[in-house]
Amino acid sequence: MSGQTGPVCVVLIALLVLWYVGAVFMNAPTQIDRYERADQTWTTGQLIEDTLAQERPILPAPHQVAVEMYNTIFAIKITSKRSLVYHSWVTLSSTLLGFGIGTLLGVLLAVGIVHVMTLEKSLMPWVISSQTIPILAIAPMIIVVLGAIGIKGLVPKAVISTYLCFFPVTISMVKGLRSPQVIQLDLMRTYNASKWQTFWQLRLPSAMPFLFASLKVAIAISLVGAIVGELPTGAQAGLGARLLAGSYYGQTIQIWSALLTAAFVAAILVVIVGWCERKVLARMGVKP
Amino acid sequence: MTLKQVVNNVAEMPASKKAVVDIKKLSLTFQTADGPVYALSDVDLTIEEGDFVSFIGPSGCGKTTLLRVIADLEQATGGDISINGVSPHEAREQRAYGYVFQAPALLPWRSIERNVTLPLEIMEISKEERIKRAQEALKLVELNGFEKKFPWQLSGGMQQRASIARALSFDADLLLMDEPFGALDEIVRDHLNEQLLKLWARTNKTVAFVTHSIPEAVYLSTKIVVMSPRPGRIIDVIETDFPKDRTLDIRETPEFLEIAHRVREGLRAGHSNDD
Ligand SMILES: Nc1ncnc2c1ncn2[C@@H]1O[C@H](COP(=O)(O)OP(=O)(O)OP(=O)(O)O)[C@@H](O)[C@H]1O
Ligand SMILES: [Mg+2]
């Protein structure tokens, strides 16, 4: 682990430097424009300083985003409508709901597909074609249709997360549940084990590594689904709503803070899944 | 002759032993993309209670296939086979045999003890009983002390012993073993052979044992079945009469060498008629 810290820091610093340079170049034209309109003379030093302190920059500087994030995460009551903690929670709750349902659905579909021949033929094409429809096209429809029958708020967003995240779970679990070797299946057969016993004692444990690999993908796209679900109707709360509001009013700093927060939340979720994976696999005696 | 004498005579007659496996004119043809493969053809064989039968023959002669047919893992395409008087399918449902595969096939997420208790769990035997039987079985293969280890922490030979303990745990009367010691070195192999023989002598189990090694076959068996490929068939059945409590020393005796010679001749004859 410690061997990684060095390289990671180097990459981080390189990214920050690149970001600052980018901010200066992206924001310089509007800044020069402004100087000219005010008939002001300027030096390069002043230009750089000003491009990194605009109120609505095209690309905000890292420290501007950091300050905004500090203000809206730590320096504000979490019940406030401006608190990113509050918005993150709104998005997170539907992410988790969608993830839970999607995982359950994905596992159930996989179990069905592995055990019932006809389900594989009849379901698998639908599972795959479901993902060929772009989520941006289907998300507004889901929100509108569910809204029309009186379902609003958390559930429609969770439905979109579910829609996105059951897929990797199904595909991985089908593979995982089929991963036992022939010799292991033969062994169960010599004990005259029932399908259920074979599932429980052999197929499910064999599928665990596959399941966790897919859960890491699923939790991340589940978050994307929740954010996308907040966009089309101009939802009142959530990271997606912050993104949308930010872009309406040209509040780029707000957009970037919301984006970075979303990225952090995603990273934390993936880390938590990874932690669960290690715990479960360690309990299963996997070679460390 | 009085009635009493008749009864006595019957009692004195060598009691004909019960046939555990009875195979008549058995054949099995695999239909493959490149045409039919005649894995077994016209196989006749009886394995009696308490027999130790070895199957020996070149690679591809159908030893594994024959064992799998007995175990109901493969279906014969012709002929008759019965296990304890019933079909292989029914015998499997009655859990009549323990099968030891060529590879250990331990479940990596279960400790050695829980691997051994797997069949007992499936047979819904109580937990205390499971642990007790696992202890006994692990002792038989000298693996006591390794209960809590996971398979990857054991050497290949130890893993194979664990898989034997697993097959012994539910105390089936018939043991089917497919080259269980094939991957082990000579010394470990000798040792396991001795243990297996002791176990067999003590429990009166019936054993069907596949091997590639002539000394192993002669040392262990009461009956050696020599097979030849294309199509897989039995070309010789050799009965031996070494005592049940034989030791490795018998390998130096003239009888042993004579039988080994006959097995080798049989194998050679099987070889020469396929090219
Ligand atoms: N599932 C199968 N489908 C098609 N052919 C098969 C199948 N299983 C075995 N065979 C063929 O049947 C023949 C006998 O195979 P088998 O595995 O019984 O040989 P074996 O005597 O056990 O050989 P070895 O000593 O190498 O283990 C071989 O020619 C093999 O290719
Ligand atoms: Mg074989």
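Scope of the values below: all heavy atoms of this structure, side chains included, with no hydrogens, waters or symmetry mates. Residue numbers start from 1 in every chain, and the chains themselves are labelled A, B, ... in the order their sequence lines are given, proteins ahead of strands. Fair warning: this is a prediction, and the values are worked out from it, not measured in the lab.
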In terms of side-chain heavy atoms, does B:Thr65 have a donor or acceptor partner in B:Glu74 at a distance below 3.5 Å? no

Can you tell if the side chain of A:Thr190 reaches within under 4.5 Å of the side chain of B:Arg68, non-hydrogen atoms only? no

Report yes if some heavy atom in the side chain of A:Leu123 is under 4.5 Å from a heavy atom in the side chain of A:Leu109; otherwise report no. yes

Examine whether an atom of B:Leu106 lies under 4.5 Å from a heavy atom of chain A, and if so say whether it belongs to the side chain, the backbone or both; otherwise answer neither. backbone

By a 4.5 Å heavy-atom criterion (distance strictly below it), what part of B:Ala103 contacts chain A: side chain, backbone, both, or neither? both

Where on [X] is there a heavy atom nearer than 4.5 Å to chain B: the side chain, the backbone, both, or neither?
X	value
A:Gln201	both
A:Met188	side chain
A:Leu281	neither
A:Ser206	both

Would you check, one step at a time, whether the test side-chain hydrogen bond (donor to acceptor under 3.5 Å, both in side chains) holds for A:Glu230 with A:Thr91? CA-CA 8 Å; A:Glu230 287 161 353; A:Thr91 304; 3.0 Å; yes

Relative to chain A, which of B:Arg166, B:Lys149, B:Gln94 shows the most heavy atom pairs under 4.5 Å? B:Arg166

Does the gap between the ring centers of B:Phe170 and A:Tyr191 come in under 6.0 Å? yes

Salt-bridge criterion met for B:Arg133 and B:Glu113 (N-O under 4.0 Å): no

